[in-house]
Amino acid sequence: MLRTSRRPLALAGAGLSAESGIPTFRGAGGLWRNYRPEALATPEAFARDPQTVWEWYAWRRDLVAEAQPNPAHHALARLEHEREAFWLITQNVDGLSQRAGSQRVLELHGSLWRTRCIVCGHEAEDLRTPTPLDTACETCGGRIRPGVVWFGEGLDSQVIAKAQRLVEECDLLLVLGTSARVYPAAGLIPLAVQNGARVIEINPDPSGMSSMVNGLLQGPVGELLPRLLP
Ligand code: BJW
Ligand code: ZN
């Protein structure tokens, strides 16, 4: 299917970075100091206790900075190089795909490496590690937050619109390492099916959408995806 596809597309989740040593959200090892990620990735958690939320993000940033892209990230970069129209839609905020060389990457949930001021909205790139915890907005001195999308927050409207357009135009969607339980990202999979695309999923465990895919390759994406490429 991949060989004959004219417009392949990929949708990735935390499982893509699992073999780089980055914990997923919902699997084993998804807890951080007894907190569930779902309890930290909300605007309410940040309003209540910004220090704890920032400590979690600092820990994750520092972990990612020490990690390396894995064979799945490299395979996606190679696919982009070989296929003119290939895009990667990712829910991941770690930037490991870009570090592997992917350029046509759509980040649905933002990035660990950007910040935004909650007072004036000023956005900035921040690549510093170890992550300093006492940073204030360089424009107004206000409190800054990670440049990611939390539960209850809308995704960037241009980003989700572009993702939907890419899905409508693709003829093969590779669903890689996502539990497919968080919307609107998960909704891209039925959208692809409705538009007649074939869907191949790579995941050690079935996801919320496995019943509608054309093929489930059960195993780690870092082992299986490279084997699909020539
Ligand atoms: C491997 C592997 C290996 C392991 N190889 N695989 C419709 C229905 C129901 C609810 C909703 C709905 N629409 C919206 C909602 C509410 C909510 C939602 O979806 N809730 C559900 C949980 C029910 N959605 C939202 O709130 C979204 N916002 C929204 O809709 O706004 C509406 C609005 C409009 C206008 C104004 C205001 C509001 C926003 C969702 C944002 C999600 N944010 C997070 C945090 C990002 C920042 C951060 O990283 O800290 O995004 S939550 C977290 O989940 C993160 C992930 O990107 C996301 C998805 O998780 P993912 O990637 O699938 O990871 P896991 O851990 O779940 O799964 C890992 C998978 O890997 C597993 O399947 C493993 O088996 C597999 N695996 N090893 C391959 N080696
Ligand atoms: Zn500001």
Side-chain angles (χ1 to χ4, degrees), residues 10-32 35-46 53-54 56-61 63-64 70-73 75 89-96 107-124 135-157 159-160 174-190 200-210 216-226:
L11 171 67
L16 179 66
S17 297
E19 289 153 87
S20 295
I22 310 300
T24 62
F25 291 91
R26 289 166 190 84
L31 286 184
W32 178 74
Y35 292 95
R36 281 182 305 113
E38 291 91 334
L40 292 165
T42 70
E44 293 76 22
F46 188 69
V53 173
W54 257 120
W56 183 50
Y57 279 94
W59 173 77
R60 290 173 56 199
R61 282 167 52 113
L63 192 67
V64 170
N70 68 55
H73 296 110
I89 303 172
T90 187
Q91 300 169 81
N92 297 347
V93 296
D94 54 33
L96 286 172
E107 293 179 314
L108 293 180
H109 294 158
S111 170
L112 287 176
W113 307 107
R114 283 197 298 275
T115 60
R116 186 167 77 248
C117 173
I118 63 170
V119 179
C120 74
H122 177 73
E123 292 187 20
T135 312
C137 172
E138 59 194 26
T139 306
C140 79
R143 171 167 286 153
I144 59 164
R145 57 163 281 175
V148 300
V149 183
W150 285 324
F151 282 116
E153 297 184 317
L155 279 63
D156 181 297
S157 58
V159 169
I160 186 66
L174 304 172
V175 178
L176 310 173
T178 176
S179 62
R181 299 197 187 277
V182 174
Y183 287 81
L188 296 170
I189 301 163
I200 299 294
E201 178 170 55
I202 305 183
N203 198 314
D205 297 310
S207 76
M209 297 288 170
S210 297
L216 170 59
L217 302 179
Q218 222 167 331
V221 65
E223 282 177 28
L224 296 183
L225 183 63

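Whatever order the structure lists them in is the order used to number ligands and atoms, beginning at 1. In what follows, residues are counted from 1 in the order of the sequence shown. Only a predicted model underlies this, so the values are computations on that prediction, with no experimental measurement involved.
A side-chain donor-acceptor contact under 3.5 Å links Asn70 to the backbone of Ala72. A donor-acceptor pair under 3.5 Å links the side-chain atoms of Gln91 to the main chain of Ala12, judged by distance alone. Although no hydrogens or angles enter the test, the distance criterion places no donor-acceptor pair under 3.5 Å between the side chain of Ser17 and the main chain of Ser20. Between the side chain of Arg61 and the main chain of Leu112, a donor-acceptor pair closer than 3.5 Å is present. Judged by distance alone, with hydrogens and angles left aside, the side-chain atoms of Trp54 form a donor-acceptor pair with the main-chain N or O of Ile144 at under 3.5 Å.
If you check each of Phe25, Tyr183, Tyr57 against atom 12 (C) of ligand 1, the one with the closest non-hydrogen atom is Tyr183. When the heavy atoms of Leu155, Val53, Val149, Thr178 are ranked by distance to atom 42 (C) of ligand 1, first place goes to Val149. When Asn70, Val148, Val182, Leu224 are checked for heavy-atom proximity to atom 47 (C) of ligand 1, Val148 turns out nearest.
The shortest N/O to N/O separation between Val221 and ligand 1 falls below 3.5 Å. For the pair Gly177 and ligand 1, the shortest N or O to N or O distance falls below 3.5 Å. In terms of polar-atom proximity, Asn92 is not counted as a contact of ligand 1, lacking any N or O under 3.5 Å from an N or O of the ligand. Close N/O approach between Gln91 and ligand 1 is found [any backbone or side-chain N/O within under 3.5 Å]. Checked by distance only, ligand 1 and Ala14 come closer than 3.5 Å through their nitrogen or oxygen atoms. The shortest N or O to N or O distance between Gly152 and ligand 1 is below 3.5 Å. For Trp56, no nitrogen or oxygen atom sits less than 3.5 Å from a nitrogen or oxygen atom of ligand 1, counting backbone and side chain alike.
Heavy-atom separations between Ser207 and ligand 1 are all 4.0 Å or longer. Within the 4.0 Å heavy-atom cutoff, Gly222 does not count among the residues contacting ligand 1. Using a 4.0 Å heavy-atom cutoff, Glu223 is absent from the residues neighbouring ligand 1.
Taking every heavy atom of both residues into account, Val221 and Pro226 meet most closely at O-CD, 3.5 Å. Across Glu107 and Val159, no two heavy atoms sit closer than the pair O-CG1, 3.8 Å. Annotation for Trp150 and Leu40: closest pair NE1-O, 4.4 Å, computed over non-hydrogen atoms. Taking all atoms of both residues into account, the shortest heavy-atom contact from Gly121 to Arg116 is O-CG, 3.7 Å. Closest non-hydrogen pair, Trp113 versus Asp94, comes out as NE1-O, 3.0 Å. Here the closest heavy-atom approach between residue Ala180 and residue Ser207 is recorded as CB-OG, 3.9 Å.
Counting heavy atoms from C-beta on, the side chains of Gln218 and Asn203 never come closer than 4.5 Å. At a threshold of 4.5 Å between non-hydrogen side-chain atoms, the residues Ser210 and Glu201 count as touching. The shortest side-chain heavy-atom distance between Ile189 and Val175 falls under the 4.5 Å cut-off.
Residue-level proximity to ligand 1 for Arg26 is carried by backbone and side chain together, each with a heavy atom below 4.0 angstrom.
In this view, Arg145 and Glu153 satisfy the salt bridge (charged side-chain N to carboxylate O under 4.0 Å, His left out) rule, not counting sequence neighbours.
Among the candidates Leu11, Ile202, Ile200, the single residue satisfying the side chain to side chain contact (heavy atoms under 4.5 Å, CB included) test with Leu174 is Ile200.
Among all protein heavy atoms, the one lying closest to atom 77 (N) of ligand 1 is Gly15 CA, 3.6 Å. Closest to atom 72 (C) of ligand 1, if we only count protein heavy atoms, is Asn203 ND2, 3.9 Å. Closest to atom 49 (O) of ligand 1, if we only count protein heavy atoms, is Arg60 NH2, 2.7 Å. Looking from atom 78 (N) of ligand 1 to the surrounding protein, the closest heavy atom is Ala18 CB, 3.6 Å. Remark: minimum distance from atom 79 (C) of ligand 1 to any protein heavy atom is reached at Pro204 CD, 3.4 Å. For atom 21 (C) of ligand 1, the closest non-hydrogen atom on the protein side is Arg181 O, 3.4 Å. Closest to atom 39 (C) of ligand 1 among all protein heavy atoms lies Glu153 O, 3.5 Å. Considering only non-hydrogen protein atoms, atom 17 (C) of ligand 1 sits nearest to Phe151 CD2, 3.8 Å.
Taking a cutoff of 4.0 Å between a charged side-chain nitrogen and a carboxylate oxygen, Arg181 and Glu38 do not qualify as a salt bridge.
Checked against the 6.0 Å centroid threshold, Trp56 and Tyr35 do not count as a close aromatic pair.
Atom 29 (C) of ligand 1 is flagged as protein-proximal [any protein heavy atom, distance under 4.0 Å]. Using a 4.0 Å threshold on non-hydrogen atoms, atom 10 (C) of ligand 1 does not count as touching the protein.
Excluding waters, the protein N/O/S atoms found under 2.8 Å from the Zn ion (ligand 2) are Cys117 SG, Cys120 SG, Cys137 SG, Cys140 SG.
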